[in-house]
Amino acid sequence: IRSHTCCDRKLPCVAWSGVSKRIPVLLFCAEAIVSKDVAIRSVGEKYNLAFKIVRTESRLVRGILVNHGFHEVHPNSNDFNLMWTGSHLKPYLLRSLQDFQKVNHFPRSFELTRKDRLYKNIQRMQQTHGFQNFHIVPQTFVLPAEYQEFSSSFSKDKGAWIIKPVASSRGRGIYLVSSPSQIPLDENILVSRYISNPLLIDGFKFDVRLYVLVTSYDPLLIYLYEEGLARFATVKYDHATANIKNQFMHLTNYSVNKKSSDYVSCDDPEVEDYGNKWSMSAMLRYLRQEGKDTTLLMGQIEDLIVKALLSAEIHIATACKMFVPHRCNCFELYGFDVLIDSNLKPWLLEVNLSPSLACDAPLDLKIKASMISDMFSLVGFVCQDPLLRQPRPDRAGIDSRMKNPTQKLQDKALSLLRRAQEEYDRRGGFVRIFPTPDTWELYSVAFIILFCVVPSALFCSLISWLFVLVPPSCSKVQARMAFSSYLHRVQLRLLAESRANMGPELVVRFLKRASSNLRQDMCLEEPSRLLCLSDRQRILSHQLGNFIQLYNQETKQMVESLDKIPNEDRCINSNVFQEFILEASESDLEEVLMFYTQKNKSASVFLGTKCDSSRVKRTSDENRESERHFFIFYVPSHQLRMKYDTAHVIKECFNNRWWSERNSSPKNEKSVIIYSPPCHSKPIKQNPN
Ligand code: ADP
């Protein structure tokens, strides 16, 4: 074990993390890119820190790492602290990561960064959580599959539409059409409603590039960088149809407009509002001078970012659970492109997988070098020599196998809280937008009410994070409803899955055990093993259906026999719960049940408690054993996926406070400083056109 001496404690550019604050984490500084300070390099060199760059080229990333004492290893080497790649990683590469190693992508990020997947995920949220709540992207169709739907939308509203390849970038292959006849039918393309009333500055259309950092999808942690870029078109905007082909007017991509002879660049890094690329804060200052409410605008942009990430969260979190061995292995910097319309409504155009880190202008370098340095500090590289593969001091010691499930859950929660707090302490210019102080506060209120836990002052804000880990409480009847719904999903899965990833023996065992606890007798027939698997599954699915019916009848009788169900008023509102049950996935339901079981230290409410003297009495150990295995059908590993639904349920419990607060609350202190800077009334010097 490498020990950290007291000399290490004096190291510059190091933050100490972990329970006993013994793990050194490197802090980056943007000046290193120009100053090449020996002291700054010393920590990286001392710990032999290494990186590799795969399938991409980034001078900026390389420069920052080298100037912090990292050395570059061959793309095939496994001895690295950071792998910086331009594309997704194969699962086997992710699986082999050690806990101190990091990669700059999450698995399945294409759920966000492919235009078609992004739209489909948001559309799903519109359907399940209300169209208005997720009306953050222009209406879009994926052709040729949705040609009919597109035609009928077009006939109702004959505006311009914009055509995009499903997975492309930098404006490539994008053009506007005013009639469906101009659309090719033999290609996979996206057709989106064209936002024809963009907000203009000096007559020019622009969009905003925002840098969004995610360090965890389970639970979700989102940071927005304080600075971004506003990118202007090179020809003044005029929405007359005659101009529809003019890319320099309608597209705001730098890669498109830099080809225009009208493109104006700016050589002075201190001037942020000149030419075709401005800093985002200069753009906001300008809008404020024009009397626009930029605090509201930025609030809506943050809201849009959180919602987009929530819509892909389930896919990415599930992939992480399957492929990523350690909680801190992945982080990702996304480039969000946002168009603001003349009503000051922001629209999400796309999410970029590897936002450009090219520094063509001094302003690029100024913004991006700080952003990348702050990002590296925030994600936190543990100072560990990749060639020394020994456990870190904090990890030796208590064997986690000795701990009971509750202790493990507590450990997990506390380590998440600590990690969130440590990241927050190293955030630099990143503003955490999820969870925000508002949502944290709300969660902690919910936590206190629902779990009657009064945290100490020190942990007050942190304990709230626990709420993300545990679903809210439900009543006995609700638990039975959840169980019935869970069984129903299992029943469907039995019918749908031809592959035997759910052994019929398990179902038989469950039915035998559970039907013995029904008040009514249920005739069980074990399908012959001579039958083929699909026939056995079909028969069992039918019997499970019968079981569910009887089980539901008993739940109904239970409701009728109780005037008022004890503790019902402290539980989730029944309409909300019904809604949740309808939408919840199998593992969401499992999570609720698991939590209920843990909380009540018994699963008897699902399995029944009918006493039958003729049956052999089980010992309490046997009881516990069977309860532990009551989720006998769940095969793939899973994780806590309740966060969104939890938030949704809390939203209802707190009279819509969650969404409404996100939309209207004042931003945290830092964003107020950032987004509403004092006006330096600098005259705008747009390109003279
Ligand atoms: P790419 O990934 O190729 O850059 P985008 O979706 O970002 O694709 O679109 C490129 C540009 O086209 C944007 O920067 C914006 O100026 C314009 N644009 C895209 N979609 C729309 C839309 N629905 N309405 C108005 N302008 C749009």
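When a ligand or atom number is given, it counts from 1 through the structure's own listing order.
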| task | Compute the centroid of each ring, for Y225 and then for F430, and state whether the two points are separated by less than 6.0 Å. | result | yes
| request: Taking ring pair (Phe, Tyr, Trp, His ring centres under 6.0 Å) as the test, write out the residues that go with H326, two or more places apart. | output: none
Quick check for students: name every N or O atom pair between ligand 1 and the protein closer than 3.5 Å, with distances.
{"unit_1": "ligand 1", "atom_1": "2 (O)", "unit_2": "K115", "atom_2": "NZ", "d": "2.9"}
{"unit_1": "ligand 1", "atom_1": "2 (O)", "unit_2": "E350", "atom_2": "OE1", "d": "2.9"}
{"unit_1": "ligand 1", "atom_1": "2 (O)", "unit_2": "E350", "atom_2": "OE2", "d": "2.3"}
{"unit_1": "ligand 1", "atom_1": "3 (O)", "unit_2": "R170", "atom_2": "N", "d": "3.3"}
{"unit_1": "ligand 1", "atom_1": "3 (O)", "unit_2": "G171", "atom_2": "N", "d": "2.6"}
{"unit_1": "ligand 1", "atom_1": "4 (O)", "unit_2": "G171", "atom_2": "N", "d": "3.3"}
{"unit_1": "ligand 1", "atom_1": "4 (O)", "unit_2": "N253", "atom_2": "ND2", "d": "2.6"}
{"unit_1": "ligand 1", "atom_1": "4 (O)", "unit_2": "E350", "atom_2": "OE2", "d": "3.2"}
{"unit_1": "ligand 1", "atom_1": "6 (O)", "unit_2": "K164", "atom_2": "NZ", "d": "2.7"}
{"unit_1": "ligand 1", "atom_1": "7 (O)", "unit_2": "E350", "atom_2": "OE2", "d": "3.2"}
{"unit_1": "ligand 1", "atom_1": "14 (O)", "unit_2": "D207", "atom_2": "OD2", "d": "3.0"}
{"unit_1": "ligand 1", "atom_1": "14 (O)", "unit_2": "T252", "atom_2": "OG1", "d": "2.8"}
{"unit_1": "ligand 1", "atom_1": "16 (O)", "unit_2": "T252", "atom_2": "N", "d": "3.0"}
{"unit_1": "ligand 1", "atom_1": "16 (O)", "unit_2": "T252", "atom_2": "OG1", "d": "2.6"}
{"unit_1": "ligand 1", "atom_1": "20 (N)", "unit_2": "K164", "atom_2": "NZ", "d": "2.9"}
{"unit_1": "ligand 1", "atom_1": "23 (N)", "unit_2": "R193", "atom_2": "O", "d": "2.9"}
{"unit_1": "ligand 1", "atom_1": "24 (N)", "unit_2": "I195", "atom_2": "N", "d": "2.8"}
{"unit_1": "ligand 1", "atom_1": "26 (N)", "unit_2": "K205", "atom_2": "NZ", "d": "2.9"}

| task | Provide the closest heavy-atom pair for I53 versus P75 in the form atom of the first, atom of the second, distance. | result | O-CG, 4.1 Å
| message | Is the ring pair F141/W161 parallel, tilted or perpendicular, if the boundaries are 30 and 60 degrees? | response | tilted
| task | Answer yes or no: is there an ion pair linking E272 with K366, defined by an N-O contact shorter than 4.0 Å? | result | yes
| Do H135 and W347 have ring centres separated by under 6.0 Å? | yes
